[in-house]
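Each ligand, and each atom within it, is numbered from 1 in the order the structure gives.
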Amino acid sequence: MDKRKNLRGTFLVLFIITFIFIFIFLTNVRTPRILNLIPQPHGPEKLDLPEVSDQTITPLVNTKHLLVSAFMDQRLTGFDIRIIGIFRRDSIQSLYCIFLCQSSTLSSTTPANILQHADNFGFPFTATDVMCQIPQSCDATHVTLLTQPDHVKDLKQKWLPIRNKVALKKENEFEFDFTVCVSTLFGGYNNVLQFAQTLEMYRLLGVDRVVIYNTSCGPELNRLLHSYSQEGFVEMVPWPIDKHLKPSWRWNPTEHGGDLHYFGQLTTLNECIYRSMERSRYVLLNDIDEIIMPYQHDSLTSLMDTLQPQHPNTGVFLIENHIFPKKHFEPSQRFHLPQWSGVPGINILEHVYREEPDRSRYHPYKMIVQPRMVEQTSVHEMLRNFGERFKVPPEVCRIIHVRVPLQGSLTLEQLKVDKRLWDFHERMIPNVDNVLRKVGLLSSDQQK
Ligand SMILES: *[C@@H]1O[C@H](CO)[C@@H](O)[C@H](O)[C@H]1NC(C)=O
């Protein structure tokens with residue numbers, strides 16, 4: 001009996017000792033750290049790291065420059081990251097990249113290569129790319145810039161998330177076939193009818209997404225755009241450039257003053273190309289008063305399915321601009337519709353007279369591009385791209401651009417009648433009516 005008691009006692013003691021060991025072990029295991037932004041790269045002292053930027057435009061502290069977005073881009077040898085920004089041309093200085101790695105540690109710094117875009121139009125600020133290499137051991141999730149390579153301890157610059165980290169998709173895996181990039185909306189722009197008609201035309205032509213950079217717009221257009229972005233067809237990107245700089249309303253700094261060409265149009269177009277690179281087969285770079293219109297195909301899809309195999313190495317398709325002066329109205333008034341009478345803006349169906357471009361002078365193009373073949377874009381041409389460029393003949397595709405005349409002296413007889421838009425009226429008009437009704441702008445609604 002005593003022997004058994006002793007045995008039981010021994011088991012009890014063993015049990016208690018084991019329990020104590022397990023307890024000590026458990027309390028010593030550190031809870032795993034999820035990106036807590038307070039890593040300790042240099043020993044026990046804690047670094048108070050800045051936050052991740054939640055703005056589209058992030059000032060680079062202690063400089064005059066602005067940062068916009070960071071993208072993974074390994075197309076140029078020796079570089080991994082492209083940060084798109086707006087830099088003051090007379091204050092370019094040495095910069096260093098630092099990365100936040102997946103293991104929530106800081107990387108070492110690497111020197112940055114600063115590439116100003118050539119098309120600054122004489123303004124003090126210009127679209128700029130900052131290129132960097134990621135140090136070998138770091139699986140980077142965020143990046144930011146330092147003005148001194150060793151000033152890690154007083155890091156104040158907000159982090160930019162690194163986008164486009166997923167591998168390049170195969171040709172048939174894109175989420176979208178066509179994305180339209182509309183550069184900055186500003187002032188009280190309120191051309192609602194032309195905007196709605198153009199967006200609905202794009203939908204009919206096969207566009208999946210329209211990205212719009214918004215500094216400000218008029219009240220009715222704001223309602224329309226909120227409705228489109230809720231539905232998902234339009235992606236609104238806040239663009240508060242006027243909070244940081246004095247943007248120019250035009251393109252000439254000596255005449256119009258200001259810090260930056262057209263509210264940063266060039267930066268937004270480039271940002272949009274990189275934003276679309278991993279998700280869209282093609283990107284259309286045009287303004288919202290312009291429609292890139294196929295004349296021999298019924299959609300952009302069938303147009304590009306024809307053009308691309310004919311030009312397999314081409315990533316940039318240039319489309320000629322054609323102006324339809326808004327002062328000349330089609331006389332039958334067939335599309336002067338009563339339900340649109342209270343909608344501000346131009347009715348593009350009423351303008352069917354087209355200027356023949358004066359090809360002896362400079363004539364602007366807009367572009368359909370494969371974003372993966374673009375490095376830097378301007379408005380009417382590429383600054384840097386891979387592959388070839390092709391000027392699409394105007395009888396195949398041209399831009400319908402309803403606006404003030406370019407050659408104002410031309411009489412009606414000197415203009416060409418072009419009713420290509422009318423081919424789409426049966427589907428376009430009900431779609432425009434639907435969206436205007438949704439936001440309470442259709443005239444029959446207002447009478448109720
Ligand atoms: C456009 O920007 C203005 C100014 O920030 C804002 O008030 C408005 O809601 C924005 N509109 C849309 C549709 O995002």
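Judged by distance alone, the side chains of N190 and E220 do bring a donor and an acceptor atom under 3.5 Å apart. Side-chain contact check for H261 and N120: no donor-acceptor pair (N or O, by modelled atom type) lies under 3.5 Å.
Scanning the protein heavy atoms around atom 11 (N) of ligand 1, the nearest turns out to be N222 OD1, 2.6 Å. Taking atom 10 (C) of ligand 1 as the reference point, the nearest protein heavy-atom neighbour is N214 ND2, 2.4 Å.
No side-chain heavy atom of F71 sits less than 4.5 Å from a side-chain heavy atom of I83.
Near L225, the atoms of ligand 1 lying under 4.0 angstrom from a non-hydrogen atom of the residue are 13 (C).
Proximity of atom 7 (O) of ligand 1 to the protein is not indicated, since no non-hydrogen protein atom lies closer than 4.0 angstrom.
Two rings, from W249 and Y262, have their centers 6.0 Å or more apart. You'll find the ring centres of F99 and H142 outside the 6.0 Å limit.
Only the backbone of T215 comes within 4.0 Å of ligand 1, judged by heavy-atom distances.
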